[in-house]
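Positions are given from 1 along the sequence. Source: prediction; values computed, not measured. Counting convention: from 1, in listed order, for ligands and their atoms alike.
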Amino acid sequence: MNIVRAKEILKQQFGYDSFRMNQKQAIETVLEKKDCVVLMPTGGGKSLCYQIPALMLDGLTVVISPLIALMKDQVEALRNNGVEAAFLNSTQTAAEQTEVFRAIRNAKLKLLYIAPERLLQTGDQFIDFLKSVKVSLFAIDEAHCISSWGHDFRPEYMQLAKLKIHFPDVPLIALTATADKLVRKDIIERLNIKNAALFASSFNRPNIFYTVEPKRNSFARLLEYLENRRDESGIVYCLSRSSAESLAKDLRDEGFDALPYHAGLDKETRDKHQELFLKDEVKIIVATIAFGMGIDKSNVRFVVHLDLPKNIESYYQETGRAGRDGLQSEALLFFSWGDVNKLKGFAEVENNQTQTEIMLKKLKLMGEFGDLKTCRRRFLLNYFSEELPEDCGNCDNCNTEFERFDGTIIAQKALSAVYRTGQRFGMSYLIGFLRGSQAKTIRDEHKNLKTYGVGADISKNNWFDYFKDLISQGFLAQTEGQYPTIVLTEKSEAVLRGNERVDLIKVTIKEDKKASLVSAISHPYLKDLFNDLKQVRTAFAKSENVPPYVVFSDATLVEMATYLPQTEVEMRKISGIGDLKMEKYGADFLREIKNYCRVNKLESRINLKIPKRERKSRTKRDEHGNNTYEISLDMFKSGLSIAGIAEMRGMAQSTIETHLVRFIPTGEVSLEDLVLYSKIEPIKNAIFRLNTGTAVAPVKEFLGDDYSYGEIRAVMAEFLR
Ligand code: ADP
Ligand code: ZN
């Protein structure tokens, strides 16, 4: 009975058709006045687990959250859905606070957001105040902060143990997006909720594509990456304030719309930058981890880590800021073991050996993730005690093949370079030497050696991989210290004498890998209508001074531009439109859609909207149908450009090119569709000349910036045909 009412509220107030994950169970439990712990990934929908009960229960729901920066937005979003909410924190004036107190006393509020330190300020004064009004529920957000096993321990959270003592009959719901088994145990013990039900949802974020690249020339690589994502919002994380500051400036110098965010900026600047980002008025935020604890922006399309995060929890949480609207998004990490070493100092927790060891162990696992050769999602989920039955198909490693080949000659070249230069140089120097670099850093006497330049046909990146491979197989060794050098080992001699074969690993992009997971969100929606609707949204957002997503999320606009609702009834079938939003915005958006349809002679497609559950089973049955490559192909055949498809699907142009290249061998896409006629011959020549099989990187390096990976792959695919 209760849950029927909860579902009505879900639709009327929030505009959603069905509960996600464990929302229903959590709400039921709270309504039965029982405690519970909810583990759900970022973007999963934790808030509704207490917001809906708050609306159903008689009295006030107190939400304890450490994220002061987020409170204002959360409260605004709630008010915009017609929910009476307010917050109390140190950023308000006394008068504002008094106003909130009055509203609570007069039972005008359903939800109150408050920071833990404010709740427990001045002894139990505030607790006593709460006792004098009717509190129906406590919600503890970011509950992992209570555990010293977690990565974000906050001592003030320990005080929350008091709540259950002062309010034994008020149910308590604890929520978090990251909690391994030890942390879960801590939450339950320290909050005094021994009988709490535990609802653990999957931590999988299927719409995030995880990629790790070696950290080399990272600025140049970042520019290339951003170039392909010009119209998208993203966050670039780095370790230090100064690098955040200078990187943002460098990006602006390169014509990118980027602003810094870090704890060293004054509050006013910080707030301004955050606000501009939230409002889509600036596309890229370059931040230290200080940013984003509370970022609730739903259309972040990519998160780049220029430096390594300290642990998997942070990585998962930071990458989790991408794609909260469920649309395809990306996480890119630039990885080096050097970063792991650098971070060791930060893992030190003063006067606490145990805590230090926990942090070092977490750091080591972060390093393992960076170096991983298998499915990244499996590793991540496994870290959170979850099993993924098969590889995900939506990470770099799932789309890469690691093939062993006879690398004896390459190994001999590398080893003799080490030998001839006297075992006194590091990897970069040796690679420059092998490739015949003209740089002044290469010593003149070395330029006269026979080995100088014998490895010019192999790209720098491949050489790095081969050296690492040789080290891991024990044919070479790397010394410790700040300037590690490469030296020979006892296994080296046999190779140099030609008495031992060495296998190396070649990395290639998989050809026939099926995308098993890619979400059903890839509607072919009308891009220009979507843009028109965005403008309507911007106008509302400006006049109400709220971020655009508070009006409607991108996902909601995408649905409108897909199903073209023509009436109010049809409009209500779009996900994310509740009563109040329908009333406030419905007519204007409807007018825009109808206009567009009239001009373009289109009709409603609302009948195509299939409930999610059916949609899922259909894709499963139809294994060869609806995969991500074919969606791109269909869109391409319907006359859209690659750039257009990339934008509509929220993917990089290079990704779409990779999709389309697959259809060259079958003849469904022709080479001329993807590569300018004048470029085909030079690419062919380069492939013949270098003769490196299916390795694209050497060809790319040879041809330079005028040729893209996609174009080279396309020509290679034509050979296969
Ligand atoms: P979390 O706190 O777990 O990171 P939120 O509570 O902020 O996530 O929810 C993320 C987004 O998902 C919000 O835009 C929210 O409105 C939306 N959402 C929540 N529950 C549902 C649902 N049942 N159906 C559709 N969208 C939902
Ligand atoms: Zn994978």
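Within the listing of ligand 1, atoms 3 (O) sit less than 4.0 angstrom from a heavy atom of Pro41. Within the listing of ligand 1, atoms 2 (O), 5 (P), 6 (O), 7 (O) sit less than 4.0 angstrom from a heavy atom of Ser47.
In Ser18, the part holding a heavy atom less than 4.0 Å from any atom of ligand 1 is the backbone. The proximity of Gln23 to ligand 1, defined as any non-hydrogen pair under 4.0 Å, is limited to the side chain.
Comparing Phe19, Phe14, Tyr16 against atom 15 (C) of ligand 1, the shortest heavy-atom distance belongs to Tyr16.
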- Query: When you look at Glu387 and Arg378, which way does the salt bridge (charged side-chain N to carboxylate O under 4.0 Å, His left out) test go after all the steps?
  - Reply: CA-CA 7 Å; Glu387 204 62 56; Arg378 273 192 137 166; 5.7 Å; no

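Side chain to side chain, Arg118 and Tyr113 fail the donor-acceptor criterion of an N or O pair below 3.5 Å. With hydrogens and angles left out, the side-chain atoms of Lys46 and Asn22 include no donor and acceptor closer than 3.5 Å. There is no side-chain donor-acceptor pair under 3.5 Å between Arg301 and Ser233.
The closest approach between Gly44 and ligand 1 falls below 4.0 Å for a heavy atom of the residue.
Geometrically, ligand 1 and Met40 share no nitrogen or oxygen pair separated by less than 3.5 Å.
A salt bridge between Glu32 and Lys34 is present, with a side-chain N of the basic residue lying under 4.0 Å from a carboxylate O of the acidic one. Ion pairing of Arg572 with Glu568 is absent here, as no side-chain N (NZ or NE/NH1/NH2) approaches a carboxylate O to less than 4.0 Å.
For the pair SG of Cys375 and SG of Cys398, the angle whose vertex sits at the Zn ion (ligand 2) is 100° to 10 degrees.
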